[in-house]
Protein chains: 2
Amino acid sequence: MGVTIHDVARAAGVSVASASRALSGRRKVTPEIAERVERAAAELGYRPNAVAKALRDQTTGTIGMIVPGIGNPFFTTIVEAVESRLQETGRDLLLCASRYRPDLEARRLETLLARRVDGLIISPCDIEASVPAVLNAARRVPLVQVDRYIEGGGADWVGVDDDSALAQAVDHVVRGGARLVTFVGSRLMNSSARSRLSGFERAAARAGVDATPPLLGEFTLEWGVEAGRLLLDGGAMPDAVVCGNDEIAVGLVRALRTGGVRVPDDVSVVGFDDVGHASMCDPPLTTVRQPVEEMAAEAVRLLGQVRVSDPRPAQRIAIAPRLVVRETSRPVPAGGGEVSVNGRGTA
Amino acid sequence: MGVTIHDVARAAGVSVASASRALSGRRKVTPEIAERVERAAAELGYRPNAVAKALRDQTTGTIGMIVPGIGNPFFTTIVEAVESRLQETGRDLLLCASRYRPDLEARRLETLLARRVDGLIISPCDIEASVPAVLNAARRVPLVQVDRYIEGGGADWVGVDDDSALAQAVDHVVRGGARLVTFVGSRLMNSSARSRLSGFERAAARAGVDATPPLLGEFTLEWGVEAGRLLLDGGAMPDAVVCGNDEIAVGLVRALRTGGVRVPDDVSVVGFDDVGHASMCDPPLTTVRQPVEEMAAEAVRLLGQVRVSDPRPAQRIAIAPRLVVRETSRPVPAGGGEVSVNGRGTA
DNA sequence: GGGAGTGTGGTAATCGATTACCAATTTCTG
DNA sequence: CAGAAATTGGTAATCGATTACCACACTCCC
């Protein structure tokens with residue numbers, strides 16, 4: 001396999017320079033030559049070799065992307081959105097999964113750099129362990145972090161405004177009558193875990209509502225189930241639980257219901273992400289919708305602005321999300337203000 | 001950015017040939033030179049340029065993969081499994097989504113070929129419209145189809161054994177007491193839709209059970225809900241419904257329950273895929289588990305065997321799946337044989 | 001009609017790593 | 001110790017597309 005531009009030039013009876021110019025149109029050639037070259041290219045089935053072009057142009061037209069795992073529907077959605085943005089400008093996506101392991105992440109970064117990607121979009125798996133590899137990569141090629149980020153703020157970032165998100169979630173359950181609220185999230189190994197917890201704490205304080213100590217485990221359904229059991233056993237059942245992601249929320253709802261607690265009548269539950277299962281669960285989950293399309297668009301846009309040579313201050317773009325009210329939270333009375341508690345019974 | 005092997009050679013005071021040989025170890029060099037080159041490479045932070053290597057070696061170490069959509073958790077799971085298989089042999093994945101459109105699919109194939117991928121793994125979105133682009137690509141580079149395939153059988157394929165799958169599903173509900181069974185799937189635009197329907201029909205005939213006309217729509221939750229309503233309105237409620245994928249099944253269960261039909265007491269429901277939501281739903285879904293890891297492993301293995309030059313007959317590898325019994329199907333009595341119908345009430 | 005200006009084609013360098021081939025040196029053998 | 005054999009270093013070609021640079025031909029104007 002391999003019709004080269006030399007073959008085309010020979011078949012058309014012209015030089016490679018003319019063939020290249022006729023095909024790219026970057027300099028004028030006589031109509032007759034253009035015609036002959038085009039015919040020859042078509043007949044031979046010529047396809048330009050992108051590898052050679054990349055070597056010559058010092059640009060590959062590929063963007064590398066590393067996410068912790070494609071099993072997580074949130075990352076999937078981001079990947080899909082980024083891929084489609086890139087296609088708009090004729091670029092392709094080299095996708096890697098770090099499997100939540102900083103060592104693999106560092107290796108993937110190296111191979112992507114060796115492949116001379118034009119840029120990198122990454123959601124670093126660990127807020128601390130990912131730092132050196134990410135900073136090093138950022139020094140060699142435009143790099144934008146999405147969703148998760150590394151500490152120290154050395155590289156651009158696009159993500160959701162966790163403060164706004166948690167404020168909306170907390171305000172919503174408070175307006176539904178909640179007075180005692182619990183946060184169930186993940187251990188603080190990545191930025192999302194941290195900023196969602198602190199967002200929650202700020203929001204609870206601002207709303208003047210009591211918060212029980214947070215339950216921190218993993219971003220999984222299983223942890224949600226376990227957290228539910230802990231709440232059931234713990235004695236002090238809150239009026240509302242705000243979760244770090246939808247999977248936790250789904251597990252939590254299941255465990256609570258199994259334990260005889262009614263959702264939302266006894267306890268309101270709010271998730272986070274709204275990708276994948278949230279609307280498919282029974283009952284459909286009230287949750288904060290990640291602005292995935294906007295995040296992808298911003299990340300790709302930002303990538304085009306980064307110049308490795310002149311280090312500007314790192315950009316941080318936090319996009320405000322929207323709360324999607326479904327059926328796991330108690331309805332807010334029409335007035336919208338605080339209301340009296342009615343018909344609820346805690347464990 | 002760009003430390004080349006020339007820079008390393010100069011710094012080490014040797015020729016590029018020696019530098020290359022010292023670093024690759026493909027021919028012996030004196031220990032002293034090896035030492036000097038390695039030190040120079042380390043000090044300069046030399047990273048070989050994979051693009052140049054690809055041009056010279058005529059092999060890129062990348063595999064292109066095209067799936068209809070990454071939003072679908074089944075494809076996600078396959079992508080993840082393939083990615084991790086490829087990593088084992090140091091290859092990377094160039095991922096594209098066709099968004100269920102044959103025209104986009106054809107374009108993605110062209111760009112992947114232009115990037116000189118070493119092979120292609122594709123799940124063609126349309127059994128008819130995808131044919132020319134896929135066959136053309138298969139002529140230029142090793143190509144393996146996964147899950148979906150094009151008609152005519154011109155290219156290798158790895159997928160699930162739909163006959164075995166549907167036989168297991170039908171036998172299971174029949175042993176649970178079902179006598180009237182319905183299939184709810186997708187319109188016959190892709191191979192999965194077709195072979196699952198025909199697998200169902202064969203299985204029903206073999207089991208000697210009555211099948212109502214199949215309901216065919218799309219592989220979505222929404223269609224599942226709609227199909228559920230059709231069944232509720234239709235008068236003749238079956239004892240069991242076998243679905244073309246899990247999303248349909250989840251929607252169906254929800255609609256039936258909303259309509260007052262108990263699952264599994266009144267109607268057994270079986271899904272297909274067992275990726276993503278199946279176990280997260282309430283109640284957890286009885287479903288056929290796609291052998292995703294095995295499919296990915298086979299696809300990658302097969303890719304290594306295809307030689308574009310000598311066209312062997314196309315391979316077709318159908319992997320038998322396993323039924324995962326959860327809570328949407330009536331239990332099979334211990335004996336395992338047919339049982340009498342009890343306690344069911346149709347609409 | 002000659003010199004300046006314009007348009008267009010071809011030759012060869014370039015991107016970076018690898019390696020065929022040659023040359024030089026060392027080692028071995030009788 | 002001469003000559004053969006083995007080892008190892010260097011030079012330059014190679015992969016394919018692009019383009020800087022040069023050369024040639026033609027037009028225009030005074």
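Just so it is clear, the values below take in all heavy atoms, side chains as well, and ignore hydrogens, waters and symmetry mates. Since the structure is predicted, the reported quantities are computational estimates derived from the model, not experimental observations. In what follows, chains carry the letters A, B, and so on, assigned in the order in which the sequence lines appear, proteins first and then strands, with residues in each chain numbered from 1.
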Student: Between A:Lys53 and D:dG16, is there a contact of a side-chain N or O with OP1 or OP2 at under 4.0 Å?
Tutor: no
Student: Minimum heavy-atom separation for B:Ile66 and B:Ser98, please, with both atom names.
Tutor: CG2-CB, 4.0 Å
Student: Between D:dA17 atom C1' and A:Arg27 atom CZ, what is the distance in whole Å?
Tutor: 16 Å
Student: May I have the distance from B:Glu32 (atom CD) to D:dT8 (atom C1'), rounded to whole angstrom?
Tutor: 13 Å
Student: Go through residues 54-62 of chain B and report each residue with a non-hydrogen atom lying under 4.0 Å from DNA chain D, sorted by number.
Tutor: B:Leu55, B:Arg56, B:Gln58
Student: Looking at A:Tyr149, I'd like to know if the NZ or CZ of A:Arg316 sits under 6.0 Å from its six-membered ring centre while staying within 45 degrees of the ring's axis.
Tutor: yes
Student: Return the minimal non-hydrogen interatomic distance between B:Arg36 and B:Gly13, and the atom names on each side.
Tutor: NH2-O, 3.6 Å
Student: Hey, is the side chain of A:Arg26 poking within less than 4.0 Å of OP1 or OP2 on D:dT18, counting only N and O atoms?
Tutor: no
Student: Nearest-Å distance, CD1 (B:Ile5) to P (C:dT19)?
Tutor: 11 Å
Student: If you look at every heavy atom in A:Leu94 and B:Asp92, which pair is closest and at what distance?
Tutor: CD2-CB, 4.1 Å
Student: Look at atom CZ of B:Arg312 and say whether more than 12 heavy atoms of other residues, nucleotides or ligands are closer to it than 6.0 Å.
Tutor: yes
Student: Which atom pairs, one a donor and one an acceptor, fall under 3.5 Å between side chains of residues 37-46 of chain A and the rest of the protein, sequence neighbours left out?
Tutor:
| residue | atom | partner | partner atom | Å |
| --- | --- | --- | --- | --- |
| A:Arg39 | NH2 | A:Glu35 | OE2 | 2.4 |

Student: When the distance from CZ of B:Arg47 to C1' of C:dA17 is rounded to whole Å, what number comes out?
Tutor: 16 Å
Student: Go through the steps for A:Arg85 and A:Glu294 under the test salt bridge (Lys or Arg N to Asp or Glu O under 4.0 Å), then give the verdict.
Tutor: CA-CA 10 Å; A:Arg85 285 283 155 182; A:Glu294 292 88 332; over 6 Å; no
Student: Starting at the 5' end of DNA chain C and moving along, which residue's nearest nucleotide shows up first, B:Thr4 or A:Lys28?
Tutor: A:Lys28
Student: Pick from A:Leu86, A:Val144, A:Ile78, A:Val117: which one makes a side-chain contact (heavy atoms from CB on, under 4.5 Å) with A:Met65?
Tutor: A:Ile78
Student: Grab the CG-C1' distance between B:Asn49 and D:dC15 for me, whole Å please.
Tutor: 13 Å
Student: Could you tell me which residues satisfy side chain to side chain donor-acceptor pair (under 3.5 Å) with A:Arg56, sequence neighbours excluded, listed by chain and number?
Tutor: none
Student: For B:Arg115 and A:Val51, which heavy atoms make the closest approach, and how far apart are they?
Tutor: O-CG2, 3.8 Å
Student: In this structure, are over 12 heavy atoms from other groups packed under 6.0 Å from B:Arg107 atom CZ?
Tutor: no
Student: Run A:Arg108 and A:Asp103 through salt bridge (Lys or Arg N to Asp or Glu O under 4.0 Å) and show every step you take.
Tutor: CA-CA 9 Å; A:Arg108 303 280 180 278; A:Asp103 59 324; over 6 Å; no
Student: B:Arg115 has an atom CZ; how far is it from atom P of D:dA17, in whole Å?
Tutor: 15 Å
Student: May I ask you to evaluate whether B:Tyr46 reaches the phosphate of C:dG16, defined as a side-chain N or O under 4.0 Å from OP1 or OP2?
Tutor: no
Student: By the definition side-chain hydrogen bond (donor to acceptor under 3.5 Å, both in side chains), identify the one residue from A:Arg148, A:Gln145, A:Glu151, A:Glu105 that meets it with A:Ser130.
Tutor: A:Glu105
Student: When the C1' atoms of the five terminal pairs at each end define the local axes, what inter-axis angle does the helix from C:dG1-D:dC30 to C:dG30-D:dC1 show, to 10 degrees?
Tutor: 50°
Student: Which atom pairs link the protein and nucleotides 23-27 of chain D when you take only N or O atoms and keep those under 3.5 Å?
Tutor:
none

Student: Rounded to whole Å, how long is the line connecting atom NE2 of B:His6 with atom P of C:dA13?
Tutor: 15 Å
Student: Give the rounded distance in Å between these two atoms: CG of A:Leu44 and P of D:dG16.
Tutor: 14 Å
Student: Taking N and O atoms by type only, does the side chain of A:Arg116 place a donor or acceptor under 3.5 Å from a partner on the base of C:dG16?
Tutor: no
Student: Residues from residues 15-24 of chain B sitting under 4.0 Å of DNA chain C, heavy atoms only?
Tutor: B:Ala17, B:Ser20, B:Arg21
Student: Taking all non-hydrogen atoms of both residues, which atom of A:Ala299 and which atom of A:Ile121 are closest, and how far apart?
Tutor: CB-CD1, 4.3 Å
